[in-house]
Amino acid sequence: KSKEQKWYQRGHRSKLALRGWADSSEWTFENKWYLLEAEESFCSNDFETAKSYYKKAVTSAKRHKFIHEEALAYELAAYFYLELGEKEKAAENFML
């Protein structure tokens with residue numbers, strides 16, 4: 001088993017655990033799970049799914065009053081849009 005496979009499997013197990021926590025405590029973990037899904041989708045070049053999950057992460061963090069996690073979701077979404085060459089969309093996320 002390669003190191004990459006090992007880390008992928010470890011990440012997958014951790015993601016499943018976080019999903020379970022999000023199911024049992026939406027208030028605390030939902031936005032974190034959405035952000036993790038967004039980042040994984042970005043890494044997998046599934047850009048449309050990533051866009052959706054970044055938006056859900058921001059919305060969930062805002063709804064549950066996690067201001068610092070809302071800011072993190074905006075920041076990571078901005079870097080995502082910069083990577084896609086969508087500078088105006090990136091700026092919108094950095095400025096919020």
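Bear in mind that the values here come from a model prediction, so they are computed numbers and not experimental data.
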Closest non-hydrogen contact found for A50 with A38 is CB-O, 3.6 Å
Worksheet item: In terms of hydrophobic clustering (I, L, V, M, F, W, Y; side-chain heavy atoms under 4.5 Å; direct or indirect links), are L76 and V58 co-clustered?
Response: no
Between the CD atom in E70 and the CG atom in L35, the distance rounded to the nearest 0.5 Å is 12.0 Å
(message) Quick check: is L72 connected to Y34 through a chain of hydrophobic side chains (ILVMFWY, heavy atoms under 4.5 Å apart)?
(response) no
| said: For a 4.5 angstrom cut-off between non-hydrogen side-chain atoms, does S2 reach K6? | reply: no
By ring-ring contact (aromatic ring centres under 6.0 Å, His included), Y8 pairs with (sequence neighbours left out) none
query: Side chains of Y74 and F94: does their closest heavy-atom pair fall under 4.5 Å?
result: no
Residue set satisfying salt bridge (charged side-chain N to carboxylate O under 4.0 Å, His left out) with K55, at least two apart, ordered chain then number -> none
Got a salt bridge between R63 and E30, using NZ or NE/NH1/NH2 to carboxylate O under 4.0 Å?
-> yes
I67 atom CD1: more than 12 heavy-atom contacts under 6.0 Å
no
Tested for ring-ring contact (aromatic ring centres under 6.0 Å, His included) against Y53, the lone hit among F80, W33, F47, F42 is W33
Side chain to side chain donor-acceptor pair (under 3.5 Å) pairs touching residues 9-25, sequence neighbours excluded, are K1-Q9, K15-E37, K15-E40, R19-D23, S25-T28
Taken in chain and number order and not counting sequence neighbours, the residues that satisfy salt bridge (charged side-chain N to carboxylate O under 4.0 Å, His left out) with E48 are K51
Residues at least two apart in sequence or cross-chain that pass side chain to side chain donor-acceptor pair (under 3.5 Å) with K32, listed by chain then number, are E69
Here the gap from N93 atom CG to E86 atom CD, rounded to the nearest 0.5 Å, amounts to 10.0 Å
By salt bridge (charged side-chain N to carboxylate O under 4.0 Å, His left out), E39 pairs with (sequence neighbours left out) none
To the nearest 0.5 Å, atom NZ of K62 lies from atom CG of N31 at 12.5 Å
- Item | E4 atom CD: more than 12 heavy-atom contacts under 6.0 Å | no
